Structures are given as C-alpha cells and as structure tokens.
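This report refers to the structure that appears directly beneath it.
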Amino acid sequence: MVRTAASLQRGEQSVIAHIEDSPYSINFLEIGLLPGKQIRVIQRAPFGGPIAFLVDGHMMALRISEAELIQVQPINP
Amino acid sequence: MEIVAEKRTKSIAIIGNPNVGKSSIFNKLTGLNQKIGNYPGVTVDKSTGTIRKGTSTYELIDLPGTYSLYPNSEDEIIAYRVLTGMDTVKPDFVLVILDACNLERSLLLGSQVIDLGIPLAFLVNMKDLAEENGIQIRVMELYKELGVPLILTDGRKNEGMEAIRELIFKEEFEIASPFLAIREYMPDAMFTAIREKFNLSTDYEAFQRLVFSGYVDSAGQENKSWLQALASQFDFQIQQQQIKETNARYARINQLLKRTVKTEKRQENKLTSRLDGLLLHPVLGYFIFILVMLLVFQAIFAWASFPMDLIDGFFASVSSWVYDTLPAGVLTDLLAEGIIPGVGGVVIFIPQIALLFGFLAFLEDTGYLSRVVFLMDRLMRPFGLHGKSVVPLISGLACAIPGVMAARTIRNSKERLITILVTPWMSCSARLPVYIILIGLTVPDDLFFGINLQAIALLSMYLLGAFATFLGALALRFLLKTREKSYLLTDLPIYRWPRWKAVVLTMYSKSKIFVFEAGKVILAISIVLWVLASYGPPAKMDALEAQMAAELANAPEDEYTAIEERYASAELETSYIGILGKAIEPVIRPLGYDWKIGIALITSFAAREVFVGTIATIYSIGGDVDNELTIREKLSQEVNPATGEKVFNKATGFSLMVFYAFAMQCMSTLAVVYRETKSWKWPVIQTLAMTVIAYLAALFTYQIFS
C-alpha cells in the first residue's frame, strides 16, 4: 500500500518517492519538495490543521490535502 | 561633431528566495531605510536605493522574494516584469542572492535568471549557517561551472560587503551561457515567432513570455490571445512543459552541486527544533500565541497611552498658543481650529502604529510569524480565510491600511479578497477615541463583579469588531465564487535573533506610510470641514452678523460672551455644514442622531477619528477657547431643545458606537483597497455593504435601548 506524507507518525523518518500531479505541482517543485528527499513530521496542528515537516533539514508547513499528494517510502527499502 | 550621450544611472536588480537575507544585504549596500523580513513576501513594493563611490552611481532595485520565475503570485509577476523590462528599462545587471544552506532551491531561481541573459553575479549568503551545518562550498569550481561571478557573504554581519561593492563598481557582472537548453521544451517555430513579435534577445525570454502571457497581458488582450492561439496551434501545454523544465533544472543543479559542494554529516538546527517543539505544540503553542497577543495588546493600549496623551496635550497647547499670539483673523482661525487639530489627529496614532508594527517586525524577524500561519490556518479556513490572513487581521487592530497591504502574501485570490474586504471591520485605532468618548458619556464608571463597566464596554466593541470580521468572511466565502483551490505550502524559516535596527526601521517606515497615506486625507478633510463650518450662504450669514452687531450694541458689556456664543451656534446652523447636517437628519433620526451628529457622520466619512475633532469643532467654534470644559463635559450637557432630553443618552451613544464599528469611514482604506484590487468594483461594494450594515445595526441598537 502506498503511504503518503499525511499518514506519517511524528518523528518517523522516510523518503519522498513520488509527488502526484496537481495544480500546484510547480509550487511543490519550487519550494524544493522533490522525490528522493528525506521527510519527517515535526508537529501536527490540532483538529486536522497543517503539518510541519522537516525536508532535508528545512522546515515547511503543508495542509493535509497537500501532504496527501506526497507518496513516501521507508528510508531503506 | 560632438555627440552628447544621455547619461543614465545604471540599475542593478537584487533577487533571491524569501528569507535568504536579501533585504539585509540591500540595506547594507544602500543604507536606505527599508523593511527587512523573515516572512514570505515582505518586500512587495518595489524599493530602490542608490550606491555611490566617487562619481559613479548605481540604482539598486530590491525585488520581492521568490522561489522561481513562474507566475504563482503577485511577487513573481513583479519580479518578472522588472527583469524583462516590461514597465521600465531592463536592469543593467542582476545580483542573485543564493542561500548557502539550500543551494539547490536557490539555484532554481538563479539558473532561470542566467537564462534571461542579463549580466549577473551570485551572492552566496548565510555562509555562517552553512559552515555550522557542515556545508563546504568550492567557490572556484562553482564559478567555473556556472560562468557567473560568486561572492560568499553573511548579510547579518558585514562579511563580503566590501567585495560586493568592488564587484559593482568594477562592473564585474557576466552574461553566462544558458543553463538549460530550453529549445528542448518548446517547438523551434514558436521560439522564432515569439522572439520576432516581441523583439526578444534570448530563447528563455520567449519561453517565459508565453508562460506569463495570462498574467502580464491582462491589459494587452491582443498579445494574450495571440500567444494563446500560438500555443494551441502547436498543442503546447504550458504547465506540463514548465514542470519538465523545472525537473531538468533540478537535475542539472544536483549534478553540479555533487561536484562543487561537500556536505559533512548534516546537523539539525538544535535551537529551531527545540523551539518548534514548544511553539508549534498543539496545546502549548496556542497558549504561547495568546500570551504574545496579550503582550501586543498591552503595548498598543497601555504603553501607547502615555505618548498619546503627551501628543494630545502638545497639540492642544500649540492651538491655544497660536490663538493667543497671532493676530485674530481668518488665517489664525484656520490654523488653530482646522490645521493644527487636523495634524494632531494624525500624529496621535503614531505610537500605537509604531508599537504594533515594531512587534510584528520583531516576530517576523525571529521567524515566529510563519509559525503563526501554521497555528492559525485550521481556525481561519472555515471562514474562507487563510493562515496568512492572521497578520493582516492583527494589523487591522492598529490600522486597516497596512493590513490590506499585508494581504498580498495570500496567493489564493478569493482568500486574499475576503481578507481585504473584512480587515476594515477589525477595530482599528481610529475607532478608539470615538469609543472612549462615547463610553465615557454613556457607561457609568462603576464596577461590575470587580471589573470596570467602561472597560467591559470597550472590550465588547473590540469583540464586536472581530465577530463582524469573521461573520463577514463567512458570508463572503459563500457569496464569492472561485475555481482556484486553496493551499498552504510555506517555508518555516529557522529561528534567528532579531536585528533591532530592522525592527526600528519597520516602525519608522510603517508610521511614515500611515502619516502620508492617512494623514493627507485627514488633514485635507479637516481644512474643508473648517471652511464648511465657518462659512454659509452669504445673505443669511450677513443677516445674522448684522443682527448680532445690533444686539451687541444695545447690550451691557458683561453679556457680550453669552450673546456671541448664542450667535455662534446659530451661525453654525446656517453654515454649509449645518445645511448638510440638516439635510441628512431625516435619514439618521431613526438611529437617534440629530443634525449635529449628522455633521460628524459626514465629516468622519473620510476618517473616523475626525468624529472627535468635529464634535469639538461643532461645540467650540466661536466659543471661548479658554473654556475649562472638556469635550466630554460639553457633550454631556447637550440637550435636545425640543424634548429637553440629553442628546447623548444610552441609546444614541450605543447606536453611534455600533455605527462606527461597522461603517467604512476611511478614505485612505478605500484608496488602498482600490490599489490592491485594481478596480473600483470592490471598494464601492465594500463601502455600500458596510454602510448599509452599519445603518441597520445602529437602527437595531437604538430601538433596543430607547
């Protein structure tokens, strides 16, 4: 089963495998969310709010709907 | 034959990712007062400065922070327009600021600028942080690979500044060969056609001209349709090709970085991780945010009151000094009753505005404000707002003008529009004097369960404003249609210690914006108001004057003042503004207002705070300036001549406060909304809706309390 970044547990380290096409594909790219990067959840805002990720050492915040577009895989498959 | 070449100052555009320290470098180079930010999109207005050495001068243009040259937001469109010379002459050179800690991402933008074919240089900033993180950059190799001069800098300290200066004055910028073979991403025939039509010198410019066609050609519809026709003729999918282009860029960048950058074991920023554990915490994070907000309120209400009282007293004493010292006449009257109180009415808000923006700049510079977006997004969403709406709404507590401007950081046009439309309902500082005077008149200074009733009343007015803001946003969410989806994808920069100088500069520049934007309107209105209140239809005015002179001639000297005051009041009623006030009286009567309050409503249509000044003018024009009674005392004595009841009773006072809470009485905000939405449609709708709602709410309030 394909996991997305939205389903990651806090602190769980994984790698971006693929980013699904969406109207903001270009926004993912330009902020540096690319396949192959390590990704980890730092904090989740309550009641389904945004998720703060650490992506290759850089912190960024995404809503769940955006995080669901990011497919992840374990760090050493 | 002698040829006199036109001498033009050469210009250098500075561009870089958000939070890369771009403005910091700009400030160091130009020494110009300018805002420095740590929050996406702070430098939105095109700010320029000059750098001089001997006789050579260069103009520096600070472009908004962007991640790429794609039409994602206003900022990127501005950057594109400047770099390609759509509005003015193309800049002669470009300085691209790269983030030493994130070269991959910053080179995406850098490589796009290379391909536009402008002579450029790279500044690799934040070298200190990169060193801490174990990143080693081989500058020489990178220079050889890119063909672009490269300087390592640290904008927070002074490192590399001398080298930049030298590079600029020696003009060591270079045109690098294209980074990406863009021909692979669009048919040759299209390149030829676009380059010919727009007279472009590089292929990438042609590619970008097409990518941006939907955004920069909204005025030139012909160009837009020409480009769209061309795209469909070749079945060219703009977005797909853009993604391909970006992926190709990243691929090349990563190859390049493998050879030129060595990263030892990556270390996390310990301070940032630890702080985020606390500040982004699902419970503690909100608790801390509330504490921070309370501190901000404490500052703008408690700390600011001391300088505000000083300013108030100062202008009052200047006014009476002018009155006493200058020879009596029209000019002195205009000065003492029109201009000085008018200027004072603007200056008095500076402490609150400076403090609020000092706090915001501080929070922004530390990196905290981006976290507020994270914390608040979920709360804002149901109301059709965005996490980034929080800053405009908080700004609105001091003044809606910078609040409306701050909404630019919101990329979704519907959320941005809603934010712009509802921000004026947040209780701005111009409403405060109105509330204070009316609460003083109508709410007893008693305790209710140990809390001052007047304080409760004031708090209620602020809550009413916030409530209206969110309710209005909710209504707009359902009224406005959009096809754009809302999203949140934002950088959370590392925490850094704020630069105090930057904070002070922000306080200064925001106060300046306020004084100039709002100030000129308020000043103009107070002069117009004074003229309207001092003059009336000549026939009637002259008759009154003659009548007064006749009465004075026959009266004993000790009755002079009483007679003059009686006639001053009569003259006001006959004046132009009195006529206006009487004209709207039938409309405002159901709200419990008489024609004098009507005058205040008319004048404060330009700016709310004029209410207090107007009321003061209405009751003091022609009266004794040395009269010991304050405005409040005068108002509480005012009775309705017909019924003998107090004019400012509870019902009227509450109804007025509610009216001021809801009505759009601020010309400057209107002007800014026009500028930000680029049409008269929204400011007009906004004003109409707010006025109608204010009228109905005031009517409702009056009927309940009377």
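All figures in this text were calculated on a predicted structure; none of them were measured in a lab. Letters A, B, ... mirror the listed sequences (proteins, then strands); counts begin at 1.
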Is [X] close to chain A through its backbone or its side chain, or both, or neither, when contacts mean heavy atoms under 4.5 Å?
X: B/R249; value: neither
X: B/I243; value: both
X: B/E76; value: side chain
X: B/S486; value: both
X: B/Y70; value: side chain
X: B/E104; value: side chain
X: B/R378; value: both

Once you round to the nearest 0.5 Å, how far does [atom1] of [X] lie from [atom2] of [Y]?
X: A/R63; Y: B/T490; atom1: CZ; atom2: OG1; result: 11.0 Å
X: A/L62; Y: B/D377; atom1: CG; atom2: CG; result: 10.5 Å
X: A/L33; Y: B/L489; atom1: CG; atom2: CG; result: 6.0 Å
X: B/S68; Y: A/I26; atom1: OG; atom2: CD1; result: 6.5 Å

N/O donor-acceptor pair under 3.5 Å between B/Y250 side chain and A/L29 backbone
yes
For A/Q43 and B/P282, the nearest pair of non-hydrogen atoms, with its separation, is OE1-CD, 3.5 Å
Using non-hydrogen atoms only, which part of A/F53 is less than 4.5 Å away from chain B: side chain, backbone, both, or neither?
neither
Segment of A/L34 engaging chain B (4.5 angstrom heavy-atom cut-off)
side chain
